[in-house]
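Input: a single structure, listed below in structure tokens.
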Amino acid sequence: MGARALAGAAPSASSAPSAGTGLLSVVGTPIGNLGDLTPRAAEAFRAADLVCCEDTRVTSKLLAHLAISRPLMRCDENTIAERAPELVERMRAGGRIAFASDAGMPGVSDPGQVLVDAARAADVPVEVLPGPSACVTALVASGIACNRFFFEGFLPRRHGERVRRLVELAPIPGALIFYESPHRVVASLAALAEVLPARTVAVCRELTKLHEEVLRGTAAELSGILAARPEVKGEIALVVAPPAPDEPRPRASAPAGDPEAALAADIEEALDAGEPASAIAKRLSQRHSLKRRAVYERVLAARERRG
């Protein structure tokens with residue numbers, strides 16, 4: 001950023017509320033380490049008449065850490081659209097509202113954009129307080145060099161849909177970044193192993209926290225490592241290297257020599273469909289020429305990871 005841009009950046013000047021009009025503060029919060037909260041974010045919480053958030057239990061702990069007491073309102077993906085008109089009216093009457101995600105920047109793979117759009121449509125001033133972002137932190141922590149990246153958010157739950165989406169994303173000339181839950185990460189890695197078997201992948205887990213971990217390898221290698229663990233915990237971001245100039249056209253079927261990834265994907269798809277564990281074991285043991293008991297144990301382990 002040039003000197004001219006820095007010199008002209010008075011905090012919140014462009015979004016200061018006029019008489020009779022309130023303000024929406026979009027507040028970036030730590031993705032793990034509370035020390036990453038900015039003083040400006042803390043001040044926005046103190047100045048707010050109401051704090052809207054995805055989960056009041058999570059945000060109440062953050063405010064308690066700051067010794068701040070403010071009314072909280074749950075505004076998750078199931079409620080924010082319904083509550084947005086009421087919140088906009090409160091701001092038009094002069095109220096100040098702060099919105100925070102459970103972690104990271106609101107509006108990035110969370111429902112906050114709904115409230116931002118409603119406020120802007122009603123000419124309510126909106127200020128954005130920058131803060132930690134898991135996708136950018138993961139990109140840097142991954143060690144995958146690139147000048148461009150594409151943030152996808154969460155992949156589809158069903159294996160076939162995951163594979164189709166990855167085939168669509170494969171030609172993008174940059175790193176790919178995904179968020180994933182602990183109980184679906186093995187399945188997503190299995191899909192990556194099908195479509196992009198040669199690319200380097202980084203699993204970035206518990207970023208900024210005490211047990212931060214970054215694993216690098218092919219998707220098949222990482223799928224095997226995590227599938228062997230009794231439990232996978234924490235918030236996860238996946239970073240996939242850009243395509244090589246000579247990368248072949250992506251395949252939508254499991255590559256030869258990767259039976260573990262194929263089995264993991266089949267198990268996850270069967271669990272998504274609600275199939276009983278015993279039926280899964282019987283069917284997949286025949287498909288993969290494995291002992292039924294061994295497959296059954298894999299199914300139980302996968303179901304346990306889902307919680």
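Atoms considered below: every heavy atom in the structure, side chains included; atoms not considered: hydrogens, waters and symmetry mates.
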For Leu166 and Phe178, what are the C-alpha separation, side-chain angles and deciding distance, and is it a side chain to side chain contact (heavy atoms under 4.5 Å, CB included)? CA-CA 11 Å; Leu166 287 171; Phe178 307 95; 3.7 Å; yes
Heavy-atom pair with the smallest gap, counting every atom of [X] and [Y]:
X      : Y      : answer
Pro182 : Ile236 : CA-CD1, 3.9 Å
Ala81  : Val114 : CA-CG1, 4.0 Å
Arg162 : Ala191 : CB-CB, 4.1 Å
Met105 : Gly131 : SD-N, 3.3 Å
Val26  : Pro106 : CG1-CB, 3.5 Å
Ala41  : Gly28  : CB-O, 4.1 Å

Quick test of your reading: applying side chain to side chain donor-acceptor pair (under 3.5 Å), list the pairs with at least one residue in residues 136-158, sequence neighbours left out, ordered by first then second residue. Glu152-Arg165
Residue pairs, two or more places apart or on separate chains, that pass side chain to side chain donor-acceptor pair (under 3.5 Å) and touch residues 273-282: Glu275-Arg283
Between Tyr179 and Phe151, does the ring centroid distance fall short of 6.0 Å? yes
So, the side chain of Asp49 versus the backbone of Arg96: is there a donor-acceptor pair under 3.5 Å, distance only? yes
Donor-acceptor pair, side chain of Arg216 and main chain of Val203, under 3.5 angstrom: no
Once rounded to the nearest 0.5 Å, what's the spacing between atom [atom1] of [X] and atom [atom2] of [Y]?
X      : Y      : atom1 : atom2 : answer
Ser25  : Leu129 : OG    : CG    : 6.0 Å
Leu196 : Glu247 : CG    : CD    : 6.0 Å
Leu263 : Leu290 : CG    : CG    : 6.0 Å
Glu43  : Ile68  : CD    : CD1   : 8.0 Å
His159 : Leu271 : NE2   : CG    : 13.5 Å
Asp102 : Leu62  : CG    : CG    : 10.5 Å

Take atom CD in Glu54; do more than 12 heavy atoms of anything else shown fall under 6.0 Å from it? yes
Check whether more than 12 heavy atoms from other residues, nucleotides or ligands sit under 6.0 Å from atom CZ of Arg57, and answer yes or no. no
I'd like to check the side chain to side chain donor-acceptor pair (under 3.5 Å) partners of Glu231; sequence neighbours left out, ordered by chain and number. none
Side chain to side chain donor-acceptor pair (under 3.5 Å) with Arg83: which residues, sequence neighbours excluded? none
Kindly work out whether a path of hydrophobic side-chain contacts (I/L/V/M/F/W/Y, heavy atoms less than 4.5 Å apart) joins [X] to [Y].
X      : Y      : value
Val240 : Val167 : yes
Val214 : Val186 : no
Val58  : Leu34  : no
Ile31  : Val27  : no

Going by the rule side chain to side chain contact (heavy atoms under 4.5 Å, CB included), which residues pair with [X] if we only count those two or more places apart in sequence or in a different chain?
X      : answer
Leu300 : Ala277, Tyr296, Arg303
Gln113 : Val116, Asp117
Ile172 : Phe150, Leu169, Leu176
Glu212 : Leu207

Taken in chain and number order and not counting sequence neighbours, the residues that satisfy salt bridge (charged side-chain N to carboxylate O under 4.0 Å, His left out) with Glu297 are Arg293
Non-hydrogen side-chain atoms of [X] and [Y] separated by less than 4.5 Å:
X      : Y      : value
Leu87  : Cys75  : yes
Arg199 : Pro243 : yes
Val124 : Leu23  : no
Leu24  : Glu127 : no
Arg90  : Leu50  : yes
Pro130 : Arg40  : yes
Leu222 : Leu238 : no
His183 : Glu304 : no

Residues clustered with Val140, ILVMFWY side-chain links under 4.5 angstrom: none
Leu139 vs Cys146, test: side chain to side chain contact (heavy atoms under 4.5 Å, CB included). Steps then yes/no. CA-CA 9 Å; Leu139 178 64; Cys146 68; 4.0 Å; yes
Per the ring pair (Phe, Tyr, Trp, His ring centres under 6.0 Å) rule, what does the pair list look like for residues 44-99, sequence neighbours excluded? none
Would Asp36 and Thr208 count as a side chain to side chain contact (heavy atoms under 4.5 Å, CB included) here? Give the steps. CA-CA 9 Å; Asp36 293 335; Thr208 78; 4.0 Å; yes
Qualifying salt bridge (Lys or Arg N to Asp or Glu O under 4.0 Å) pairs with a residue from residues 60-79, counting only residues at least two apart or across chains: Asp55-Arg74, Arg74-Asp76
Stepwise side-chain hydrogen bond (donor to acceptor under 3.5 Å, both in side chains) check, His288 with Asp266: CA-CA 10 Å; His288 294 272; Asp266 284 345; 2.7 Å; yes
For side chain to side chain contact (heavy atoms under 4.5 Å, CB included), just list the numbers for Val51 and Met73, CA-CA rounded to whole Å, side-chain angles, deciding distance to a tenth of an Å, and then say yes or no. CA-CA 6 Å; Val51 175; Met73 176 182 288; over 6 Å; no
Below 4.0 angstrom, N of the basic side chain to O of the carboxylate: do Arg229 and Glu213 qualify? yes
